[in-house]
Amino acid sequence: MSSDRKTPADVWKAKLLEELASQVPGVIFQFLLRPDGSSCYPYVNDAANELFELSPNVLSRSAEQVFQRIHPDDLERIEAGIRRSALTLDVWRDEGRIILPRKGLRWLEGHATPRRLEDGSVLWHGFMTDITERRKAGEALERSEERLALALKGANDALWDWDLESGALYYSPRWWGMLGYAVGELEPREELWREFMHPEDRERVNKALAGFLAKGPDNYAITFRLRHKQGHYVPVDSRGFIVRNNAGDPVRIAGTNIDLTEHVRAEQALRESEARFRELFEHSPVAYLALDHYGAVQDMNGPLLDLVDFDAEDLLGKPFQQLWSAATLERNAELFSKASHRRQMRAELELLRSDGEALTVVMDMRVQRDVSGSFVRFHCVLHDITERKQAEEELRIAAVAFESQQGMLVTDQCRTIIRVNRRFTELTGYLPEQAVGQPLSMFRTPSHEPAFYETMAETVRHQSRWEGELWVRSATGADFPAWAMATAVKSAEGWVSHYVLAFSDITERKKAEETIRKLAFQDPLTQLPNRRLLADRLDHGLKAALRSGTHGALLFVDLDYFKRLNDTWGHDVGDELLVQVAGRLTSCARKSDTVARLGGDEFIVMLGGLSPDREIAARCAERLAQQIGAALNQAYRMEHMPGGTYQGSASIGVSLYGDTGDTADSIIKRADIALYEAKAAGRNTMRFYGGDQLVGETRVPSSD
């Protein structure tokens, strides 16, 4: 048996629900709004025949005829409310006018709960009822008490008559029935109405009555409460007149008591409704204000005050123009002038908060007119779009910045490239279609170890930013140095959504830095280390010698008769000789040694790590000094001298280092002293610093 077949119980329940729906004093309905904007009532009970004057069958096919009958002034608001409910899935509540062929203008109130269906449609389940009579009653309750009194004056409702001279009292049947008594059930005594009166009202009423009797006026009205037979109190409006004799003394009082129970209930309901409306008005998320024809503020709600940061007394009755920025005064005035001739209008305004801060709002203005079509007021709803405008401006700036002088690329959270800028293509040679969709790792080069990229990624992951020097591989396969900054873009929830890498080519900067470094640490003529770099290396050499316990040596080399060569043949010849000397010194030294030029024709050769034994170290230094001397004694090929050759020689001073207390200055000074001794001995020779001890045919330095 199919599980979809209805059982008798199901049929009975369905019939019962249908009977219940038919007895409900209003329309029970389902309203369906499709994605294409069409709508219908999939279900509506038979009350639709009365409420809409349309059959359920017609409504099940389309809701168009219902919307055609809605009052034109209410149609747009009702449709907007339906769209808003469909978007937010909030409960829809509204009331409005409908014009029926048979009944004419009627007021309807409805509310419904929405639910989104799988196909994107929205289905509401709700209830709608005719509130025309309630609206009429509400309007009647808003009329003044005087008008109500005039309408009831002369009515023979709860009539009473009191003969003051005889004490006789008459209460009409309506008077007794108003308090729940039958006629004759109680004796109409003089004190009866005072006994029935609420204790809290007695003193006030007695005092007022005494005043009426003594001084008038003869017509009076007073309200108080009388106890019902069932124990509760009935609010009454007592209106009457005083009859006086020729002497002016009161002899009779007559009047009517009107039961105000329903009136009080209606007033209470109205107050509660107004309180609910005011509560909704004040706590609505939408800022609202009403303006008169001149732009003065007539009313506003709390969100409006919060929006502009003013107190109510600062705005009420004041011109709305006080919130306009000076730059927009003329434009805003023109907008309001146009709006006064229309039914509604939307405009974007710039307002100023109390602290002078500017904010941008979209204001929906609706003009209220009276029955004659005359202007009554502006109703304005304001939406703060300051943050949206700022976001749009930031996006515009970001778009401009993206096409900057830096190469830029954007990846997703998996580091797949999703966008590049024009400068990126200019720097790397990759077209956008060649880069987009590729992994960021396509730009890795052997210039960096894998650990470098791991550290870079870890820094961005934890600190959201990395900046430093990065080698980038271009489309040609060549690498170039870049200064790069990688940034993690995070969502509001804190997770990384994108990565941005910006970089610029620093090849020229690197070349400039290298040039500066050479100028700072190298001799520009010979390209040898200069005095500054020598001092740094000598300092490191001293520390290394002390740590290892080995000795090194410093050779101070000075060319013999160099000044005579310069003075005779000029500086160009001297410079040519110095360059060749630098080459011969470098070829004699070990790779670990340092050959430096101090200036002029003075050179230093620093020998490190010769030997822990001081004497052996001295012999090693002696051998290298002899090699240098022999090399510098060889003839030089000189293009700018007659014959094309030059025969020179050099004097060498040697000082060992590696003892505690040695400094760069002291070692150079000792080598300089040894050089002076070599020159004094006739030049073209070598001397050790330190006395007359000999090592072979050379001087051996003493222990210093």
Please table the atom pairs, donor to acceptor, closer than 3.5 Å between any side-chain atom in residues 116-123 and protein atoms at least two apart or in another chain.
from, atom 1, to, atom 2, distance (Å)
Arg116, NH2, Ala86, O, 2.8
Asp119, OD1, Ser121, N, 2.9
Asp119, OD1, Ser121, OG, 3.1
Asp119, OD2, Ser121, OG, 3.2

- Phe31 and ring-ring contact (aromatic ring centres under 6.0 Å, His included): which partner among Tyr43, Trp124, Trp92, Phe127? Trp124
- At their closest point, which heavy atom of Arg465 faces which heavy atom of Met485, and how far apart are they? NH2-SD, 2.9 Å
- Query: Is the backbone of Met408 close enough, under 3.5 Å, to the side chain of Asn421 for a donor and an acceptor to pair up by distance?
  - Reply: yes
- Would you please test Tyr430 and Phe443 for ring-ring contact (aromatic ring centres under 6.0 Å, His included) and show each step? CA-CA 11 Å; Tyr430 285 102; Phe443 298 107; 5.5 Å; yes
- For the pair Arg473 (side chain) and Pro446 (backbone), establish whether a donor and an acceptor sit closer than 3.5 Å, ignoring hydrogens and angles. no
- Ignoring hydrogens and geometry, is there a side-chain-to-backbone donor-acceptor pair from Ser38 to Arg34 under 3.5 Å? no
- Message: Do Thr663 and Asp665 pair up side chain to side chain, a donor and an acceptor below 3.5 Å, judged on atom types alone?
- Response: no
- What pairs meet the side-chain hydrogen bond (donor to acceptor under 3.5 Å, both in side chains) rule with one or both residues in residues 308-324, with sequence neighbours excluded? Asp309-Ser354
- Query: Does a sphere of radius 6.0 Å around CD in Gln438 hold more than 12 heavy atoms from other residues, nucleotides or ligands, not counting ones at 6.0 Å or beyond?
  - Reply: yes
- Query: Parallel, tilted or perpendicular for His379 and Tyr288, by the 30°/60° rule?
  - Reply: parallel
- Item | Short side-chain to backbone donor-acceptor contact, Ser548 and Ala544, under 3.5 Å | yes
- For the residue pair Phe52 and Tyr41, categorise the inter-ring angle as parallel (less than 30°), tilted (30 to 60°) or perpendicular (more than 60°). tilted
- Message: Is it the case that over 12 heavy atoms from other parts of the model lie below 6.0 angstrom from the CD atom of Gln68?
- Response: yes
- Task: Calculate, to the nearest 0.5 Å, the distance between atoms CZ and CG belonging to Arg369 and Asp73 respectively.
- Result: 11.0 Å
- Query: Atom CD in Glu387, atom CG in Leu359: separation rounded to 0.5 Å?
  - Reply: 11.0 Å
- Test Phe310 against Leu323 for side-chain contact (heavy atoms from CB on, under 4.5 Å), laying out the working first. CA-CA 10 Å; Phe310 276 94; Leu323 300 180; 3.2 Å; yes
- Query: So, Arg377 and Asp292, do they make that salt bridge, N to O below 4.0 Å?
  - Reply: no
- What residue among Phe452, Phe480, Phe503 forms side chain to side chain contact (heavy atoms under 4.5 Å, CB included) with Leu470? Phe452
- Message: Using a strict threshold of under 4.0 Å (side-chain N to carboxylate O), is an ion pair present between Lys543 and Asp539?
- Response: yes
- Note on the structure: In short, Gly295 meets Leu291 closest at the heavy-atom pair O-CD2, 3.9 Å
- Message: Does atom CZ (Arg444) have a neighbourhood of more than 12 heavy atoms from anything else shown, all under 6.0 Å?
- Response: yes
- Message: What's the separation between atom SG in Cys380 and atom CE in Met300, rounded to the nearest 0.5 Å?
- Response: 12.0 Å
- Does Arg415 make a cation-pi contact with Tyr499, if we ask for NZ or CZ under 6.0 Å from the ring centre and within 45° of the axis? yes
